[in-house]
Amino acid sequence: MFKEMKLGTKLLVTFFAVGIIPFGIIAIVALVSGSNTMTEQAYEHLHSVQVVKKNQIEHYFQERLGDVSVLSGNPFVADALHKFNEAFEAAGGKTSGERYNTVESEYGPWLAQYKNAYGYYDLFLIHNNGNIVYTVVKESDLGENLITGPLRSSNLAECFQRAMGGKVTFEDFVPYAPSNNEPASFVCAPIRRDGRIYGIVALQIPLDKI
């Protein structure tokens, strides 16, 4: 077909081909190069976001550890644990009765206000024998024992056991049965009384904060 064309037509086709082919190659190279550059920029942006989010999350958990550490050193909290434990034992291991209700009316409002003000899901007072003698939310974990009871394998029990060693501790998110098996994380700190670890205070971190 090319042989049958007139000379002028052949020249036009040749010049067109000579011009368009390099242009097309340049366009493809530019497109690929531009795509690679955009991809590199996208990855750099994602990496920057990753670093920022990582720092934010680390800072968030450091603040939570600071919260529970300060809370455990508050004499009001230590007194609350002592009074709640006495009322719990007097009621035969129940979180009810006139004595328990009196203690709750004295200490409960402040503890509930703290939980709400700092955005925690729940706040726990746990005696060193493992009994959960007080929680703000009062789910099925209230009154349970973290050493011998059904929650002994929970991340709250693990956090409690480590805090009883004298350290401020953190347990990562896993499903927690009393909270409808929703993922829950905990920070715990030992409460000292008369020179010994009397129990721990725990804060349950809600997943939506993360």
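One is the number of the first residue; the rest follow in order along the sequence.
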Where do V68 and V168 land on the side-chain contact (heavy atoms from CB on, under 4.5 Å) test, with the steps shown first?
-> CA-CA 8 Å; V68 76; V168 179; 3.7 Å; yes
Among all residues two or more places apart in sequence or in another chain, which pass the side chain to side chain donor-acceptor pair (under 3.5 Å) test with D67?
-> R64, Y120
Inter-residue atom distance [X].[atom1] - [Y].[atom2], 0.5 Å rounding:
{"X": "H127", "Y": "E86", "atom1": "NE2", "atom2": "CD", "answer": "9.5 Å"}
{"X": "C159", "Y": "L203", "atom1": "SG", "atom2": "CG", "answer": "9.5 Å"}
{"X": "N131", "Y": "T148", "atom1": "CG", "atom2": "OG1", "answer": "7.5 Å"}
{"X": "T95", "Y": "I132", "atom1": "OG1", "atom2": "CD1", "answer": "10.5 Å"}
{"X": "L123", "Y": "K115", "atom1": "CG", "atom2": "NZ", "answer": "9.0 Å"}

What about Y121 and L156, same hydrophobic cluster or not, with Ile/Leu/Val/Met/Phe/Trp/Tyr joined at side-chain heavy-atom distances under 4.5 Å?
-> no
Report the C-alpha separation of N85 and Y134 in whole Å, then their side-chain angles, then the decisive distance to 0.1 Å, and conclude whether the side chain to side chain donor-acceptor pair (under 3.5 Å) test is met.
-> CA-CA 8 Å; N85 182 64; Y134 174 77; over 6 Å; no
Heavy-atom side-chain contact between [X] and [Y] under 4.5 Å:
{"X": "L81", "Y": "F76", "value": "no"}
{"X": "I205", "Y": "V187", "value": "yes"}
{"X": "V133", "Y": "F124", "value": "no"}
{"X": "D172", "Y": "N155", "value": "no"}

Residue pair [X] / [Y]: nearest heavy atoms and the distance that separates them:
{"X": "N101", "Y": "S96", "result": "OD1-CA, 4.5 Å"}
{"X": "A163", "Y": "C188", "result": "CB-CB, 3.8 Å"}
{"X": "L146", "Y": "L151", "result": "CD2-CB, 3.8 Å"}
{"X": "L142", "Y": "T135", "result": "CD1-N, 3.6 Å"}
{"X": "K167", "Y": "P190", "result": "O-CD, 3.5 Å"}
{"X": "L65", "Y": "F170", "result": "CD2-CB, 4.0 Å"}

side-chain contact (heavy atoms from CB on, under 4.5 Å) between V201 and N74: does it pass, once the steps are laid out?
-> CA-CA 11 Å; V201 57; N74 189 323; over 6 Å; no
Would you please name every residue forming a ring-ring contact (aromatic ring centres under 6.0 Å, His included) with Y114, sequence neighbours left out?
-> W110, Y118
Stepwise salt bridge (charged side-chain N to carboxylate O under 4.0 Å, His left out) check, K138 with E104 = CA-CA 12 Å; K138 294 179 176 56; E104 185 171 11; 2.4 Å; yes
side-chain contact (heavy atoms from CB on, under 4.5 Å) between D122 and Y176: does it pass, once the steps are laid out?
-> CA-CA 12 Å; D122 205 354; Y176 183 62; over 6 Å; no
For the residue pair Y100 and F88, is the inter-centroid distance of their aromatic rings smaller than 6.0 Å?
-> no
In terms of heavy-atom contacts, does CD of E63 have more than 12 from other residues, nucleotides or ligands at under 6.0 Å?
-> yes
Pairs of donor and acceptor atoms involving the side chains of residues 191-200, under 3.5 Å and at least two apart or interchain, shall be tabulated with distances.
from, atom 1, to, atom 2, distance (Å)
R193, NH1, D79, OD1, 3.4
Y198, OH, H82, ND1, 2.9

Residue pairs meeting ring-ring contact (aromatic ring centres under 6.0 Å, His included), one or both in residues 139-164, sequence neighbours left out, come to none
Give every residue pair that meets the ring-ring contact (aromatic ring centres under 6.0 Å, His included) criterion with at least one member in residues 139-159, sequence neighbours excluded.
-> none
Is R152 salt-bridged to E158, going by a charged N under 4.0 Å from an acidic O?
-> no
Contacts table for residues 177-186: side-chain donor-acceptor under 3.5 angstrom, sequence neighbours left out:
from, atom 1, to, atom 2, distance (Å)
S179, OG, E139, OE1, 2.8
S179, OG, Q204, NE2, 3.1
S185, OG, E171, O, 2.5

